[in-house]
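In what follows, a single structure is set out as structure tokens and then discussed.
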2 protein chains.
Amino acid sequence: MIGSPPICFNARTAIRPEPSPASGVERKTDMLRERQLSARIAPTPPVQIGRPVAADLIAVLAAVTSGDPRVLTIQDQRALPSGPFELAHRSMQSGLRAWVERQTRLPLGYVEQLYTFADKDRGGGEQRVISISYLGLTREQPASGEFEASWRSWYAYFPWEDHRVGPPPVIEDVLLPRLRAWAEDSFSARIAHDRWQRAASTFGFDRAWNEELVLQRYELLYEAGLIPEAERDDAGDAPRDPAAIDAVSGMGRAMILDHRRILATGIARLRAKIKYHPVVFELMPETFTLLQLQRCVEALAGRLVHKQNFRRLIEQQELVEETGETSQDTGGRPAKLFRFRREVLAERAIFGTKLPISRA
Amino acid sequence: MIGSPPICFNARTAIRPEPSPASGVERKTDMLRERQLSARIAPTPPVQIGRPVAADLIAVLAAVTSGDPRVLTIQDQRALPSGPFELAHRSMQSGLRAWVERQTRLPLGYVEQLYTFADKDRGGGEQRVISISYLGLTREQPASGEFEASWRSWYAYFPWEDHRVGPPPVIEDVLLPRLRAWAEDSFSARIAHDRWQRAASTFGFDRAWNEELVLQRYELLYEAGLIPEAERDDAGDAPRDPAAIDAVSGMGRAMILDHRRILATGIARLRAKIKYHPVVFELMPETFTLLQLQRCVEALAGRLVHKQNFRRLIEQQELVEETGETSQDTGGRPAKLFRFRREVLAERAIFGTKLPISRA
DNA sequence: CCGTGTAATGCTCGTTTGGAGTATAAGTGA
DNA sequence: TCACTTATACTCCAAACGAGCATTACACGG
């Protein structure tokens with residue numbers, strides 16, 4: 001990547017628009033700037049442009065339905081939706097948004113770039129593919145319907161990530177012993193120690209569980225050869241029968257290419273984000289009870305939250321306001337209905353919304 | 001929890017999690033995976049490959065020399081180094097690393113992807129360019145020498161970001177009045193209010209200064225038309241005379257295209273990162289005193305730190321170990337020399353290195 | 001040799017957060 | 001009516017944090 005050109009640094013002049021990596025939410029500003037920029041004249045282009053590559057977008061679209069965090073999948077739930085990068089749009093972000101909304105009729109409340117990958121030969125031959133992945137949040141009842149897409153709980157792909165009812169048995173029953181075996185199967189005691197160290201710290205064998213290490217855990221399992229995708233790659237030839245791959249007990253459902261890794265990246269990002277940015281509301285219906293909100297957060301974080309503290313936090317931050325109505329769904333004292341105070345998005349530049357996650 | 005944009009809370013430690021798609025530090029895992037993936041056979045390229053585009057990499061290379069945070073620039077300090085994306089390397093990250101090390105002879109201790117941009121019309125006609133930006137940290141005495149590259153304090157580009165000796169006068173003397181004028185120059189009182197609200201919160205007129213909002217501040221100034229680059233874009237034709245652009249007092253040195261924006265992204269990312277990940281050490285020499293370390297952090301954060309608390313934090317986290325030697329450079333009691341305990345990188349999967357930033 | 005300047009260090013304090021627990025109120029359904 | 005479920009109001013406590021005071025150690029200049 002990056003070429004060898006001795007001293008060259010391109011003197012390109014065209015200006016690059018693009019939505020803010022920070023705000024995620026596309027602002028008027030961005031649009032504005034983009035329009036202006038595209039009207040500009042590029043003064044001095046003469047730069048050797050890199051050789052052509054192909055680019056496409058991959059989306060991790062998340063929603064939470066009845067306490068279950070879901071992700072939109074295609075191809076028999078083995079792939080994330082993706083599409084070619086088109087020039088038609090002002091920015092990739094708006095392009096992604098338009099594309100998703102057209103395909104699924106779901107409004108995307110929030111879009112954020114995740115990561116850009118470059119694989120050698122994917123599409124064959126000389127051409128290289130660049131994949132730019134995005135995380136998008138949408139409301140409930142996805143009603144995707146249309147084509148071959150379907151929503152699926154992301155814990156189907158990462159069974160070890162759901163700690164809402166305590167640590168999943170699969171960790172101790174399957175992962176722990178296999179990771180230990182992997183660690184011990186090393187050339188040196190040093191490597192064995194390091195391996196075990198990593199396993200213990202990412203899975204919390206020796207400390208508290210950290211729900212944000214989704215990607216690290218996946219990568220560790222991959223490296224340890226416990227992930228079907230890894231075996232497939234190792235083989236160097238066609239993947240084994242999908243059914244067989246899925247059959248690898250306890251390791252979760254496999255996906256094509258590195259889609260599962262991208263999904264892990266998205267989950268990790270989202271779990272981190274909800275702690276300091278009020279994005280959860282993008283996943284909630286217009287009005288909701290505090291318990292519903294809490295359940296949503298718990299679904300994402302994969303762990304429980306202390307109810308009283310959760311409420312204290314939400315209230316003291318004035319994130320929501322009462323609608324005046326109440327809901328008496330789940331038998332029990334009726335709960336007040338709330339609505340997200342969108343004003344806070346403007347009020348505070350960036351702030352931390354915190355999540356009280358139980359230690360127990 | 002939750003949320004979307006702002007929720008306030010005290011400027012205490014606000015530890016911001018991070019969109020770290022991975023650890024940033026390239027691990028064996030990554031290499032491994034990439035090799036495997038490239039050997040893999042794509043089962044069903046579910047995706048039509050997009051039309052060819054050009055791609056290049058842009059680097060924000062940072063170092064801290066004698067209390068000054070520097071960035072590597074080219075073209076008379078008006079551009080960030082960049083180069084075409086080539087297929088020669090296993091990954092973009094390793095490509096970037098190799099390229100930089102070859103060009104500058106600087107070892108990159110840490111590399112992290114920042115953001116990927118896509119422009120319409122840049123290289124002319126049909127072809128579109130994708131720019132993938134990276135943040136790289138390197139040791140002191142950059143000794144770039146070689147070609148037209150030079151290190152430059154990043155506060156030359158963002159004069160309002162250095163609060164180490166208190167808020168820079170430029171904020172109250174220049175920015176505040178101009179932003180107020182911009183806010184008032186709106187169609188509606190509502191817009192005026194929103195504009196002022198944003199200005200006040202990002203620049204801390206009505207609350208504490210938040211050093212992480214580098215990008216938001218830059219974008220705000222851009223939107224307000226106070227940034228030379230914006231005028232240039234607005235003009236719709238060739239940029240004005242560079243000297244004239246730089247002359248815009250108080251607004252910092254301009255750069256080509258949106259390089260300054262990318263730099264802002266890098267600074268913001270770094271300021272956030274040092275609070276929960278021990279990356280500062282990548283900028284330090286092999287051995288150092290705690291005061292030097294503190295100065296480095298202060299240079300990056302653009303604000304002072306409480307010395308005693310800083311030490312307490314560093315020690316209790318066992319990030320460093322004594323070398324046994326002392327340094328008696330700056331007249332005063334000789335300071336013990338320390339060395340970073342690299343083991344911690346392996347010990348803890350991710351942990352928080354916290355920084356005690358003074359409120360005063 | 002003493003006084004002064006500059007840092008390094010050690011310790012204390014009071015406040016703020018954040019995790020947890022207890023108690024009580026207010027509905028539904030059997 | 002009771003049994004059950006959830007909403008809500010408070011209280012406690014300990015760790016984390018921001019700040020300040022006091023003391024120790026050197027270099028240097030008279």
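So you know, we letter chains A, B, ... as the sequences are listed, proteins then strands, and number each from 1.
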Side-chain ion pair, B/Glu315 and B/Arg341, N-O less than 4.0 Å: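 Answer for the salt bridge query: no.
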d([atom1], [X]; [atom2], [N]) in whole Å:
X        : N      : atom1 : atom2 : answer
B/Lys336 : D/dC26 : NZ    : P     : 11 Å
A/Gln316 : C/dG19 : CD    : C1'   : 13 Å
A/Arg311 : C/dT24 : CZ    : P     : 19 Å
A/Leu291 : C/dG27 : CG    : C1'   : 15 Å
B/Phe310 : C/dA7  : CZ    : P     : 16 Å
A/His306 : D/dT8  : NE2   : P     : 15 Å
A/Leu304 : C/dG18 : CG    : P     : 19 Å
A/Leu313 : D/dT8  : CG    : C1'   : 16 Å

Taking for each residue the nucleotide of DNA chain C bearing the nearest heavy atom, is the 5' side occupied by B/Lys307 or by B/Arg312?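 Its nucleotide being nearer the 5' end, the pick is B/Lys307.
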Quick check on DNA chain D: between B/Pro334 and A/Ala335, whose nearest nucleotide comes earlier from the 5' end?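 Nearer the 5' end of the strand: A/Ala335.
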Just by modelled atom types, is the A/Thr202 backbone N or O under 3.5 Å from a matching donor or acceptor in the A/Arg217 side chain? yes
Does the base of [N] carry an N or O that pairs as donor and acceptor with the side chain of [X] under 3.5 Å?
X        : N      : result
A/Gln308 : C/dT22 : yes
B/Asn309 : D/dG18 : yes
B/Arg333 : D/dT24 : yes

When the ring planes of B/Phe205 and B/Trp196 are compared, do they come out parallel, tilted or perpendicular, using 30° and 60° as the limits? parallel
Does the side chain of B/Leu263 reach to within under 4.5 Å of the side chain of B/Ile267, using non-hydrogen atoms?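 B/Leu263 reaches B/Ile267 side chain to side chain.
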